[in-house]
Structures are given as C-alpha cells and as structure tokens.
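First the structure, in the form of structure tokens, and then the observations on it.
Remember, it's 1-based here, ligands and their atoms both numbered in the order they're listed.
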Amino acid sequence: MDQIKIFAPATVANLSCGFDVLGCCLDAVGDEMLVKKNDLKEVRIVKITGQDLPMQADQNVAGVAVKALLNTLGSKQGYDIEITKKIKPGSGIGSSAASSAGAVFAVNKILGEPFNARELITFAMQGELLASGNAHADNVAPALLGGFSLVRSYLPLEVLSLPVPSELRLVVLHPMIEIKTRDSRSIIKQNVSLKSAINQWGNLGAFVSALYTEDYELLGRSLQDEIVEPVRSILIPYFQELKKIVSAKGALGFGISGSGPSVFALCKGEEIALKVKKAMHAFYSDKNIDFELHLSGINKQGIKVL
Ligand code: HSE
C-alpha cells in the first residue's frame, strides 16, 4: 500500500467531570486526510485545504506526530500529507487531535500496522504537545479508539475504553471565537481544594458507572465541574444562559467541550437532541456571533479508512 485516505473525527474532551482524562468521539464532523509515500525520505505537509495552518512538518501537529512514529521505528521512509480541515482550529472539538491521530493512523496502515491503535496514542500526543504545550490524550485517544476513553494514568500511559449507551446524543454549539487550548490552559488554577477534588472524583466515578449501567439520568447529574468550568466559562458568550435553556428542553447535562469555546449538551435520544439543537439555534441567532451547531451520535469506530 502506497497511499491511504482517511476520515479523522472530532472529539469532545473533559466532559465536565474528567479534565484531561475523559473524552468521546463524534460522528457528525471530521477532517479528511490523504497520506502517500514519497521517495524523498522526508515527511512533508503538501496541501492543507480549509484552514491556514503551518506547512512545515516540524510546525504542524500531523508532521510532528508522524515523525515521532517513524523515529520509534527507525524508519527513513518519507510521506506526503494532505489535510482537508473541516474541524476549525481553536474550536474545542479536537482539531489538532484529528490531524495528529489521523496522520499516525494513516502512516501506520501504510506500514502494515506495526502498532495497534492504543500504541498510536503516544505518537499522536506529540501533536497535542506542539499545539497546546501539553501532551494530553483525552482527544487523541477517543479519535483513535472511538467511543469513550478514560486515561487512568499518563505515566505510564494507560487508556481504557468505556461502553457507549446507544441513545446518547451530543449537541455541540461552536461560537466562532477562537480560544487557543494553550491560552485556556494558562488561566486554570494549579491547585485544587480537597472539597472540590472529592466532588470531582465522585462525579467521574459516577459517570463511568452510568455508562456501564446506561443510567442516563446519572450521566446527566455527573456532568459537573467546579474546578475548570467556573474559570473557562467566562470566556464563552452566554454560557450560563445556554445551560438553563438546554436543561429546560430536556438535556441531561451541559458543559464546555475541551478547552472551549464549543459547548455540548448531552441528550437521550434524537428527539430531545433536536429540540435542544433548535433551542440553541434560536437563542444564539440574534447574538451577533457566528456559530455552528452539530447534532452527533457517539462514533464507536474512531478514525476510519475512506
Ligand atoms: N483536556 C484538554 C483541556 C482538552 O481541557 O485543555 C483540550 O481539548
């Protein structure tokens, strides 16, 4: 195999109760990538459509992630990478993760899969390190594995896949203001009180339990974040108003997607999700802020070959 075309999906990280350790994969939106072998012994970003992003491989998250993989193998093979960006950088739905994870997935396939999907997470994390100054795995893991991922430990890296209740839907609103992950990480307090930690790990444990038992109400109650959300939500226009609106329409819970500005409402079933989407649309339409809305199921497969 000399070339491969893939779909790299968007992801929602943190899910309120799991900062840096919890994420899920969406099926409504994602990038496309075409990766080809070249004879130049060089990794090149040859084309990016849809966004203005660095073309130098060392400055591009896809280039950096692929180089990490090739270095581990000791391979001098070169690759040309074309990226069609449909996920906007700085949107909070895993734009850099889609590029990093997509690129290593594609090269690994061309190479005959020397690594399994879990092993690819480490390479994709190098892209996240370049993008945000922190090698978090809560977007790249669900992009590569599909469904929900939980990072039990970073050192050593241990990532668990969690079950996906079938009626779960996410409505994601992306207000078109750019918030760089690097910036929205810099404003988070570095210390957490014991009281907040107790609440947070109670909610995270309950969220995981609710995925196993398909307890939708418990999932909703567990979507709480008293550590990061109070700080980051200030940057998101009408965050509190949106929370009230989606709750009135029957959403299970609401929170910031990754580092924002996207927000998500977790819903049971398509019908409620559509009502929530409509209400978000109506509310945001007269706010003089461009926005995108996605209604998505949970993508169990993750990145796929096209
Ligand atoms: N856990 C990361 C953060 C996700 O919140 O900074 C970024 O998408």
**Prompt:** Is a side-chain donor-acceptor pair under 3.5 Å present for Lys85 with Ser95?
**Reply:** yes
**Request:** Flag the pair Asp20 and Arg185 as a salt bridge only when some basic side-chain nitrogen lies within less than 4.0 angstrom of an acidic carboxylate oxygen.
**Result:** yes
**Asked** Is Lys180 salt-bridged to Glu178, cutoff N-O under 4.0 Å?
**Response** yes
**Prompt:** Could you give all pairs that pass the side chain to side chain donor-acceptor pair (under 3.5 Å) test and reach residues 297-306, with sequence neighbours left out?
**Reply:** none
**Message:** Show me, by chain and number, every protein residue that has a heavy-atom distance under 4.0 Å to ligand 1.
**Reply:** Ala13, Asn14, Phe19, Asp20, His136, Asp138, Asn139, Thr181, Arg185, Arg232, Gly258, Ser259
**Message:** Which residues pass the side-chain contact (heavy atoms from CB on, under 4.5 Å) test with Ser96, not counting sequence neighbours?
**Reply:** Val61, Glu128, Ala131
**For Gln126, all residues meeting side-chain contact (heavy atoms from CB on, under 4.5 Å), sequence neighbours excluded** = Val64, Ala68, Leu129
